[in-house]
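Have a look at the structure below before the remarks.
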Amino acid sequence: MNLLYTKSFDNTLKKIKSHQKELSNLKTIKSILESSTDFNELKNNPLIKLYGFEQLKYQLNEFYSFNLGKNGGVIRLIIKPDEYNPRNIYLVFISYKHYEDFSEERVIYYDE
């Protein structure tokens, strides 16, 4: 799968360097994403359950998240599958406050 980055992700990535366990888990999750051929294969991969993979609810249901703390914690990686190409996935945001600091309106995509 192709990983597509947003400006929002790049801006929130800077802060994770002080969270070594979460940074390590982020690298593992990115590896899992890259090794998947498409989003449907990703959803069926049993490894993602270790990282609390879930679809967000209500108005944010286009987004999915991974728990970077693995066994609890509030730091989440938020992703979004590309609606036009199932082989692409956007790394949207890293939430440090269990989604309280995330809103769809604040996501800034790079111009394609």
Side-chain angles (χ1 to χ4, degrees):
M1 201 159 16
N2 300 314
L3 302 183
L4 305 174
Y5 297 87
T6 66
K7 289 182 183 179
S8 304
F9 174 82
D10 289 341
N11 289 337
T12 56
L13 180 63
K14 296 172 187 172
K15 187 176 175 183
I16 201 163
K17 293 177 182 165
S18 63
H19 302 273
Q20 291 302 309
K21 179 178 79 170
E22 289 82 357
L23 180 60
S24 175
N25 289 336
L26 175 62
K27 290 177 183 177
T28 302
I29 291 167
K30 285 174 63 176
S31 176
I32 293 169
L33 293 171
E34 291 172 332
S35 67
S36 300
T37 55
D38 62 23
F39 190 69
N40 287 327
E41 181 183 311
L42 174 69
K43 290 193 306 187
N44 293 319
N45 186 334
L47 289 177
I48 64 171
K49 292 180 182 178
L50 294 173
Y51 298 94
F53 180 76
E54 65 183 3
Q55 184 175 11
L56 301 186
K57 297 179 182 177
Y58 311 116
Q59 71 273 14
L60 297 175
N61 66 357
E62 296 176 1
F63 299 92
Y64 294 78
S65 76
F66 289 95
N67 186 338
L68 294 180
K70 198 174 178 181
N71 297 320
V74 296
I75 301 176
R76 303 284 199 280
L77 168 64
I78 299 174
I79 64 170
K80 180 181 180 183
D82 184 336
E83 61 185 289
Y84 302 108
N85 186 346
R87 292 178 177 236
N88 292 336
I89 194 151
Y90 287 96
L91 300 182
V92 175
F93 194 81
I94 298 175
S95 170
Y96 292 90
K97 297 182 180 177
H98 198 270
Y99 316 120
E100 290 177 24
D101 54 351
F102 175 70
S103 70
E104 186 172 12
E105 295 81 31
R106 293 180 60 198
V107 176
I108 303 166
Y109 294 92
Y110 286 108
D111 293 333
E112 295 185 45

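Remark: the backbone N or O of D101 is paired with a side-chain donor or acceptor of R106 at under 3.5 angstrom. S31 places no side-chain N or O within 3.5 Å of a backbone atom of K27 that could act as its donor or acceptor partner. Judged by distance alone, the side chain of N45 and the main-chain N or O of E41 form no donor-acceptor pair under 3.5 Å.
With values rounded to the nearest 0.5 angstrom, N61 atom CG is found 5.5 Å from Q55 atom CD. Here the straight-line distance linking atom OG of S8 with atom CG of L13 works out to 12.0 Å at 0.5 Å rounding. Here the CD1-NZ distance, from I75 to K97, works out to 11.5 Å after rounding to the nearest 0.5 Å. The CG atom of L4 sits 11.5 Å away from the NZ atom of K80 when rounded to the nearest 0.5 Å.
Using a 4.5 Å cut-off between side-chain heavy atoms of Ile, Leu, Val, Met, Phe, Trp and Tyr, with links allowed through other members, L47 and L33 fall into the same hydrophobic cluster.
Of the listed residues (E22, H98, E54, R76), just one forms a side-chain contact (heavy atoms from CB on, under 4.5 Å) with N67, and that residue is R76. For the side-chain contact (heavy atoms from CB on, under 4.5 Å) test with F93, the passing option among L77, I79, I78, I108 is I78; the others fail.
Between T6 and Y110, the shortest heavy-atom distance links the atoms C-CE1, 3.4 Å. N88 and M1 get closest at one heavy-atom pair: N-CG, 4.2 Å. Annotation for K21 and G69: closest pair NZ-O, 3.6 Å, computed over non-hydrogen atoms.
In this structure, L68 and I16 have side chains that are in contact, with non-hydrogen atoms separated by less than 4.5 Å. Within the 4.5 Å cutoff, the side chain of Y90 has heavy atoms near those of the D82 side chain. The closest side-chain heavy-atom distance from L3 to I89 is below 4.5 Å. A heavy-atom distance below 4.5 Å is not found between the side chains of S65 and F102. The side-chain heavy atoms of Y51 and T28, taken from C-beta on, include a pair separated by under 4.5 Å.
A ring-centre distance under 6.0 Å is found for F53 and Y64.
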(request) Run the numbers on V92 and F9 for side-chain contact (heavy atoms from CB on, under 4.5 Å), then give the verdict. (result) CA-CA 5 Å; V92 175; F9 174 82; 5.9 Å; no

